[in-house]
Amino acid sequence: MVLSALVVMAAGCHRPEPGVGPDERRAADAEPSGPGTLLRAADLGSGWHEDEARSGLPPWPWEQVDCPDYRSTDYPAKSHRRAAVERYYQPSDGSSSAHHVVETYEPGWAERNVDDVRRVLLRCASYPVHGSQLSFAVVDAHYLGGEGLLIRGRIERAGIPHSVRYFVMLKRGETVSTVSLPDPGSRAAVDSIAAKAVARLG
């Protein structure tokens, strides 16, 4: 998912949930990984459009199948997710998409998930993929008061401008929120979006 976030993202359209009344929707939003925990398009700034929230278990956000040193079985936390919800966001100008996933883990496994992510970032800090060089750097290992990580991803290829993407991961209890967004141009803009993601978790 991280690699595909850097390379390409699927588009979708926002539609209301059929057959779901307001009371049921509010109950779903109150769940640790319900739709209410996801960013809205306006949280990213002007010119963004959101897809509908998708439930179920998406791929673990830190799968790195093209990394030579990545072995899926070395990261057990992803097998202990109870629920998840995700949403994609498309900018009006057709440039890179954004993505947000909120996962709920079995007791004790959210913290282990953070450890797994740190190990992925060490083992797969830089590797070649599809003729490009993909790299990750931890910008802030104690982001959001020590509850999160701020990561910068970069794709470099000879002859074309490099691409930068930021990843904000926040753990709150047994819930893990991961936002992936194209470089908004400033750290302040990243911090603003991160703060809104924190607020969504309550």
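Put simply, the side chain of Glu174 gets close to the backbone of Ala110: a donor and an acceptor are under 3.5 Å apart. Put simply, the side chain of Glu50 gets close to the backbone of Ala41: a donor and an acceptor are under 3.5 Å apart. At distances below 3.5 Å, not a single donor-acceptor pair connects side-chain atoms of Arg112 with backbone N or O atoms of His80.
Residues Glu103 and Pro61 come closest through the heavy atom pair OE2-CD, 3.3 Å. Taking each heavy atom of Arg165 and Ser96 in turn, the nearest pair found is NH1-CB, 3.8 Å. Between Ala189 and Ser186, the shortest heavy-atom distance links the atoms N-OG, 3.1 Å. For the residue pair Trp48 and Tyr89, the shortest heavy atom distance occurs at CZ3-O, 3.6 Å. Among all heavy-atom pairs drawn from Asp183 and Gly185, the shortest one is OD1-N, 2.9 Å. Residues Ala77 and Tyr105 approach most closely at O-CE2, 3.3 Å, considering heavy atoms.
Side-chain polar atoms of Tyr70 and Glu63 form a donor-acceptor pair below 3.5 angstrom. A side-chain donor-acceptor contact under 3.5 Å links Ser97 and Gln90.
The CG atom of Asp116 sits 10.5 Å away from atom CD of Glu111, with the distance rounded to the nearest 0.5 Å. Here Arg87 contributes atom CZ and His100 contributes atom NE2; the two are 9.5 Å apart, rounded to the nearest 0.5 Å. Rounding to the nearest 0.5 angstrom, the gap separating the CG atom in Asp69 from the CZ atom in Arg119 is 13.0 Å. Considering CG of Leu170 and CG of Leu150, their distance stands at 12.0 Å, rounded to 0.5 Å. Rounded to the nearest 0.5 Å, atoms CG (Leu121) and OG (Ser135) are 11.0 Å apart. To the nearest 0.5 Å, atoms CD1 (Ile151) and CZ (Arg118) are separated by 8.5 Å.
At least one side-chain heavy atom of Lys78 sits under 4.5 Å from a side-chain heavy atom of Ser72. By the 4.5 Å heavy-atom criterion applied to side chains, Ile193 and Leu181 are counted as neighbours. Between Trp109 and Ser79 the shortest side-chain heavy-atom distance does not fall below 4.5 Å. No side-chain heavy atom of Thr37 sits under 4.5 Å from any side-chain heavy atom of Thr175. Two residues are said to be in side-chain contact when any heavy atoms from C-beta on lie closer than 4.5 Å; Tyr143 and Asp191 meet this criterion. The shortest side-chain heavy-atom distance between Val179 and Lys196 does not fall under the 4.5 Å cut-off. Contact check for Arg172 versus Val198: side-chain heavy atoms found under the 4.5 Å cut-off. By the 4.5 Å heavy-atom criterion applied to side chains, His130 and Asp66 are counted as neighbours.
Applying the disulfide bond (SG atoms under 2.5 Å apart) rule to pairs touching residues 52-102 yields Cys67-Cys124, sequence neighbours excluded.
Both Met169 and Tyr75 sit in one connected hydrophobic cluster of ILVMFWY residues. Membership requires side-chain heavy atoms under 4.5 Å apart, directly or through other members. Taking hydrophobic clusters as Ile, Leu, Val, Met, Phe, Trp and Tyr residues chained together by side-chain heavy-atom distances below 4.5 Å, Val102 shares a cluster with Leu39. When hydrophobic clusters are built by joining Ile, Leu, Val, Met, Phe, Trp and Tyr residues whose side-chain heavy atoms come closer than 4.5 Å, directly or via intermediates, Trp60 is grouped together with Leu149. Val101 and Leu144 are members of different hydrophobic clusters when ILVMFWY side chains are connected at heavy-atom separations under 4.5 Å.
A distance below 6.0 Å separates the ring centres of Phe167 and Trp62.
Applying the side chain to side chain contact (heavy atoms under 4.5 Å, CB included) test to Arg152 and every residue at least two apart in sequence or in another chain returns Ala137, Val139, Arg154, Val164, Tyr166.
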Query raised in the report: Which is it for Ser177 and Arg200 under the side-chain contact (heavy atoms from CB on, under 4.5 Å) test, yes or no, and what are the steps along the way?
Result: CA-CA 10 Å; Ser177 168; Arg200 289 284 175 184; over 6 Å; no
